[in-house]
Structure formats: structure tokens, C-alpha cells
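The first residue in the sequence is number 1, and the count goes up from there.
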Amino acid sequence: MHKKYDVIVVGGGHAGCEAAAAAARLGSSVMLITMDMERFAQMSCNPAMGGVAKGQIVREIDALGGYSGIVSDRSAIQFRMLNKSKGPAMWSPRTQNDRRLFTSYWRDMLEATPNLDFWQDVVTEIIVKSGKAGGVKTALGITIKAKSVVLTNGTFLNGLIHVGDKQFGGGRMAERSSTGITEQLIELGFESGRMKTGTPPRVDGRSLDYSRMAEQPGDIKAGKFSYSTATKPLENQRSCHITYTNLETHDLLREGFDRSPMFNGTIQSTGPRYCPSVEDKINRFADKDRHQIFVEPEGRSTCEIYVNGFSTSLPEDVQVKALRSVSGFENVKFFRPGYAIEYDYFQPTQLSLSLETKLIQNLFFAGQINGTTGYEEAAAQGLMAGTNAHLKLKEKEAFVLKRDEAYIGVLIDDLVTKGTDEPYRMFTSRAEYRILLRQDNADIRLTPIGHKYGLVGDDRLKRAEEKLEGSNELISFYKKQSVEPERMNIVLDKLGSARIKQKTKAFNILCRPTLQSMHLSDASLEIKRQQNSFCDLSHEVIEQAEINVKYHGYIERERLNADKLKRLENIVLHEELDYSKLKSLSYEAKEKLSKIKPTSISQASRISGVTPADISVLMVYLGR
């Protein structure tokens, strides 16, 4: 208790675990304080990782040396690559996970991390002296000192759970909420708000009739999240199932609207727009006759089922009655009802791009405290906050990813620059350079950067470099190697693609949308030998080369656009710049720029309310 740590991480959720692991791996002495050491990185909602845009984030975390990808692979019970019918910029990996194993593997990895200590307790106060964070005080009356503090409180800050007209304090069902921190931060000048999220019922899988549902198996050839050799693709997969609500379900749910905290005014905070409760769905989309429900197993050795798509805070009797009208759920037995939870968050415009608060030095926020929703978004912020807490103590430049470098960069820039008044969720559409930010090349993009900061070892860097070199080598080979019309036309006929009349470079053939690398190998033994020459990296090298060939025009165009953006990123705006003195700026621009304090012209241009005319004024002022 008398040791002074370099970094204290408050909260053992996805953000806290990645933050503690990152700072400790870099060499800082770290104390991770959590309410319950049996619930590290608890999957509070659905037992799954990844999905659209979120899967890209997990890959990026892994490429930077984070643990989320490895733990997801080791605890997976199903793997699917979503959006395969679309272009590779949209492909998104997703795992269904064993909830208990996920937490167990996270604890194993944390305990195996040097420099990392643990303490089970509730933090009630941040020690602040001379505008700097200097440790924490706990509910047990213990003071633990540190040079910096990372807050990752999730939904626990003044958490309030709703089930119908019942309300009780809690950060999760059967877990107490955290009090004191919000009140202290408000006294220090922070702007606070309330948000809402929810979760569906958990039910007994033995009481369901799966014959009345559609089976949803995993990919025939399963992939994995981690680029490392620490995990292998999943072999023995468990299926999920799909069913639908119906008009009877909707009528039964409406019967409980007068007791719904969402509709009777009890809940006034904002919930996630893209993950609405079932009562919100039937209210907002009254023209829909049905809504999809995903029936997801919670693990291999349990009969517990997560009813994805049926998030609700209606009274438990209404939940039971309505769910029993759904096909396959006629005899369903509940383990626990769904509920909504309200909690405190802090407007993320109060942070710098390093996730350090602007008001208090050496105090960092990560996860739902910043207004985000989702394990993946939280874990990404934790990784960056933990890294930057360490770098700040070493008096080194902050680690900040740009929007053209990673979805993590898009996430943090959106939060810090624009703020949020509803739970923020990542989508591919939020990234203007999503052809560059694909899930298949996260290691090539980020592993060299992670290695530079000390987050990634030499072996991971070597593997990423070999993949890049192999891909470039294979593309060069495609440009030189020709295919004969006789053999190639047999393949083209089967695919319904136009024949070739003379020898044609493999590169030009592969540019066709219906052609894949395996079709080239069917037509040429030389190509087949070359594609299989990259040992255990063959599949990754071939996929990388094929995507770069097919989309080389689009990729180059996005790189040019990103280079233009970088020129604006290089025009620095100093923190002490007094915008009130620039008379030609609009009043709104002065207000927003003074509040957010952008670090570059590029960031300033993305602030809501700052017009192109305002940017021109800044450029003239800077002599540009």
C-alpha cells in the first residue's frame, strides 16, 4: 500500500485491462483496481467480439500488441467473416465467445504480465494536487499514490438499473455502482452527462425448440483475429440460430408500455441509436411486421442463451409473455430478465487526442466514460490511454493515430473533435479512408508503429514485414508472368468471364472482379508454385496481393487524399492561441475552437460549426 505506482488503472473492464497491460508491457509499474477480480473484461452484454468495423478495431488492437484478439481467439466458439459479398473494405471478422473462458483467459494474461499488481476495491476519489492526478482513495479508506491515473469506469458511475417500474443502483445486474468520482470531477470543472444502455434476457437453452429456427453456422474455413502464432483457427464450432418477433409479440410488448421506464419518463437519458431496445424498435418502426432475433449460446459448457435483438427494460412478466410468442420460444424459461442501465459519462471534447484530460494533467479517460458503447471501442481507448500514460511519465511525445492510419484514430478523433450526445459506436462509414483501413492489413499498417513504441516484439514485426514483402513480391510476379489462352479460357468459361485471345499478364486477369488467385493457379503451374512458396504465410500473402491488385486504383486515390489531409495535419495550432482576438472568425467558431483547442488545421476543419471561411481566416493568420 505504501508503494507509489507509475500508473493506476481504475476499472477492470475491456478498457481497463488493455490500459493496464499496455502500460505494464512498456515498463511502468501499474496497479489495476477493480471491484471484482473474477470479472476481468466481463462481457456485460452479448458474448461476442468484432462485427462490422468493430472487427477491424480488434485486429488493430492485436497489431499493436494488445490482448483482445488473442483472448477472443482462445475463447471463441464460432468465427464468421461478415460482409464477404461486399468489397474487402467491408469485410469484418466476428467471434462468438464463451463468456466464462473469455474472462478467465484475460485474467491469465494479465497475471502473466510483469509490472502489474491488482487490488479489489472501489475507488471513491482521485487525488489531485496542483492540477495533477497523484493517486486514488478507496472505499476501504486506503490511499494509493501514483504518477498518473486512467479512469475506465464503464457503466458504474452512479449506475441505475431499470426493470419495469423497479429501480436499483448498480453498474451491472447484482453489482454495486460507483459513487463519488462524478461529483468530484464536476467540482473540478468537468462537464458530465447521462447515457443509457440495455441488455436482453438470458434464457435456458434447454427450453427452446431449435427446429423452429434457422441455423446460423460459422464459416466453413474459420479464420481468427490475432496475426500472431499464439492462436490457431477455430475447428469445433457451435451454431447460432435466427428467429423473428411477430405481430402478436408486438401487441404483447405494447401492453407493458405504460410501465416502461422508456415511455413513462423514468429514463430521460439517451440510448444507443444503432442498438435500440425491442420496445423502441416496435415503436419507431411500427410498419415492420417482425424483427430479427439472434439466439446466441453463452459458451460450450452452459445452456444459457443470449437473446440478441430483444434488449428491453419492460417489466419481467411482460418480457416472459412476449418472448413466449416468438417461434421456438413457446416454452422458454428465464434465467434473468433484460434491463436498462443509466450511467454518467464525460463529454470527450474535454480530452486531448492522447486521452489525457485538459483540466487535470496525468488523468486519462477511456471507454464508456467517454460516451462510447462496445467492448472493442473501449479496449482500443484503453490501449491508447495506457500507452500515453506511460509516455507522458517518460516525457515522450504522445502516441496518436491519424484517421488514415487506423479506425482507432477515427474513433478518438471523432470523440475529441466532435464530442457525442449519444453512445458512440464505430461503423465503416465513419472512416473516409476505409479502403486503406481494412481488417486484412492492420498488421502491415500498425505493427511497425507498435514496435517503435515498444508495444510489439521483434517476432511480430518480422512476421508483418515478411507478409508485406511476400505480397509485393507476388504482385511483381503477376505483372511479369503471362498466362496461356488455352488453359486460362477453360477457367474463364466456367466463370462466365470473357475469353482472352493471346498471352495476357496475370495481373490484368486478376483485376477482373470474378477472378481470384486460385483461378490463376488452376491455369498456371508456375503461378501455383509461386503462390505456395511463402510457408505458413501463404494464405495471408495471397489474399493481400489479390486485394491490392483488384483495388489498386482506389487504394492509390485514397492515399493521395490522405496525403492532402496530412499537409493540413502538419499546420500546427498552438494550445495558447487566443481565438477571441481573431475578429474575422465567426462567434461559433471562436467558441468551439477555444473549447476544443485543436492541434492542427485539419482537426479544426472537422469541428462542427467551424466553416471553410473560418479555416481560411486561420490560414491567413498563420501566414499560409
Side-chain angles (χ1 to χ4, degrees), residues 53 56-57 59-60 63-64 87-90 348-349 351-355 377 380-381 384 388 397-420 424 426-450 452-453 468 547-548 551-575 577 579 585-586 589 592-593 595-624:
Q56 282 87 330
I57 289 177
R59 283 265 166 99
E60 290 178 353
L64 289 168
M90 301 293 287
T349 52
L351 306 174
S352 66
L353 289 169
S354 68
L355 298 181
E377 290 89 341
Q381 293 170 72
M384 300 302 287
N388 282 318
E397 185 181 356
F399 178 25
V400 176
L401 289 167
K402 303 289 194 297
R403 295 182 72 91
D404 65 315
E405 291 179 320
Y407 272 93
I408 297 174
V410 175
L411 165 68
I412 294 175
D413 183 71
D414 276 355
L415 293 171
V416 172
T417 305
K418 301 174 183 177
T420 186
Y424 178 102
M426 180 54 71
F427 288 101
T428 52
S429 58
R430 295 193 191 273
E432 54 270 67
Y433 305 112
R434 56 184 175 272
I435 296 178
L436 299 179
L437 309 182
R438 306 184 310 273
Q439 55 83 30
D440 59 271
N441 69 356
D443 54 340
I444 291 172
R445 286 186 280 119
L446 298 177
T447 298
I449 300 174
K452 178 182 123 180
Y453 283 98
L468 177 61
I547 291 171
N548 282 316
Y551 294 90
H552 68 280
Y554 299 101
I555 291 169
E556 287 308 310
R557 184 162 45 185
E558 281 205 354
R559 282 204 180 110
L560 286 172
N561 289 336
D563 288 341
K564 290 177 184 176
L565 178 73
K566 280 181 179 174
R567 288 198 286 274
L568 293 179
E569 292 282 3
N570 292 331
I571 304 177
V572 176
L573 291 171
H574 294 289
E575 191 174 333
L577 178 58
Y579 295 99
L585 285 177
S586 68
K592 296 283 183 68
L593 291 166
K595 180 179 179 181
I596 294 171
K597 297 186 184 303
T599 57
S600 68
I601 287 287
S602 177
Q603 188 186 1
S605 70
R606 295 190 292 274
I607 297 173
S608 175
V610 176
T611 67
D614 295 318
I615 296 299
S616 295
V617 171
L618 290 174
M619 296 284 275
V620 170
Y621 172 78
L622 294 169
R624 305 297 285 263

Do other residues, nucleotides or ligands put more than 12 heavy atoms under 6.0 Å from the CZ atom of F427?
yes

Show the nearest heavy-atom pair for residues [X] and [Y], with the distance to one decimal.
X    : Y    : answer
S602 : L565 : OG-CD1, 2.9 Å
G87  : Y551 : CA-OH, 3.8 Å
L437 : Y407 : O-CE1, 3.0 Å
I408 : A380 : CG1-CB, 3.8 Å
E558 : E432 : OE2-O, 3.6 Å
L411 : Q381 : CD2-CG, 4.1 Å

Compare all side-chain heavy atoms of [X] with those of [Y] and state whether any distance is below 4.5 angstrom.
X    : Y    : value
L415 : L351 : no
I555 : R438 : yes
I615 : V610 : yes
P348 : T420 : yes

Would a distance-only check, ignoring hydrogens and angles, find a side-chain to backbone donor-acceptor pair under 3.5 Å from [X] to [Y]?
X    : Y    : result
E60  : I57  : no
N388 : L355 : no
T349 : G419 : no
K592 : S608 : yes

Is it true that D413 and T417 share a donor-acceptor pair across their side chains at a distance under 3.5 Å?
yes

Side chain to side chain contact (heavy atoms under 4.5 Å, CB included) between Y433 and V410: does it pass, once the steps are laid out?
CA-CA 10 Å; Y433 305 112; V410 175; over 6 Å; no

Under the criterion side chain to side chain contact (heavy atoms under 4.5 Å, CB included), I'd like the reasoning laid out for I571 against L568: C-alpha separation, chi angles, the key distance, then a yes or no.
CA-CA 5 Å; I571 304 177; L568 293 179; 4.2 Å; yes

Determine whether S354 and S352 satisfy the following criterion, side chain to side chain donor-acceptor pair (under 3.5 Å), listing intermediate values before the conclusion.
CA-CA 5 Å; S354 68; S352 66; 2.8 Å; yes

With sequence neighbours left out, what residues match N441 under side-chain hydrogen bond (donor to acceptor under 3.5 Å, both in side chains)?
R445

Sequence neighbours excluded, which residues qualify as ring pair (Phe, Tyr, Trp, His ring centres under 6.0 Å) partners of Y453?
F399

Exactly one of R559, R434, K566 clears salt bridge (charged side-chain N to carboxylate O under 4.0 Å, His left out) with D404, and that residue is K566

Could you go step by step and tell me if L573 and T599 meet the side chain to side chain contact (heavy atoms under 4.5 Å, CB included) rule?
CA-CA 5 Å; L573 291 171; T599 57; over 6 Å; no

So if I apply the side chain to side chain donor-acceptor pair (under 3.5 Å) rule between D414 and each of R430, R403, R606, which one comes out positive?
R403

Just how far is it from atom [atom1] of [X] to atom [atom2] of [Y], taken to the nearest 0.5 Å?
X    : Y    : atom1 : atom2 : value
E377 : M426 : CD    : CE    : 7.0 Å
R59  : L64  : CZ    : CG    : 14.0 Å
L446 : E405 : CG    : CD    : 7.5 Å
L436 : E556 : CG    : CD    : 9.0 Å
Q603 : K597 : CD    : NZ    : 12.5 Å
K564 : E569 : NZ    : CD    : 15.5 Å

Report the C-alpha distance between I412 and L401 in whole Å, list the side-chain angles of each, state the deciding distance to 0.1 Å, and finish with yes or no for side chain to side chain contact (heavy atoms under 4.5 Å, CB included).
CA-CA 9 Å; I412 294 175; L401 289 167; over 6 Å; no

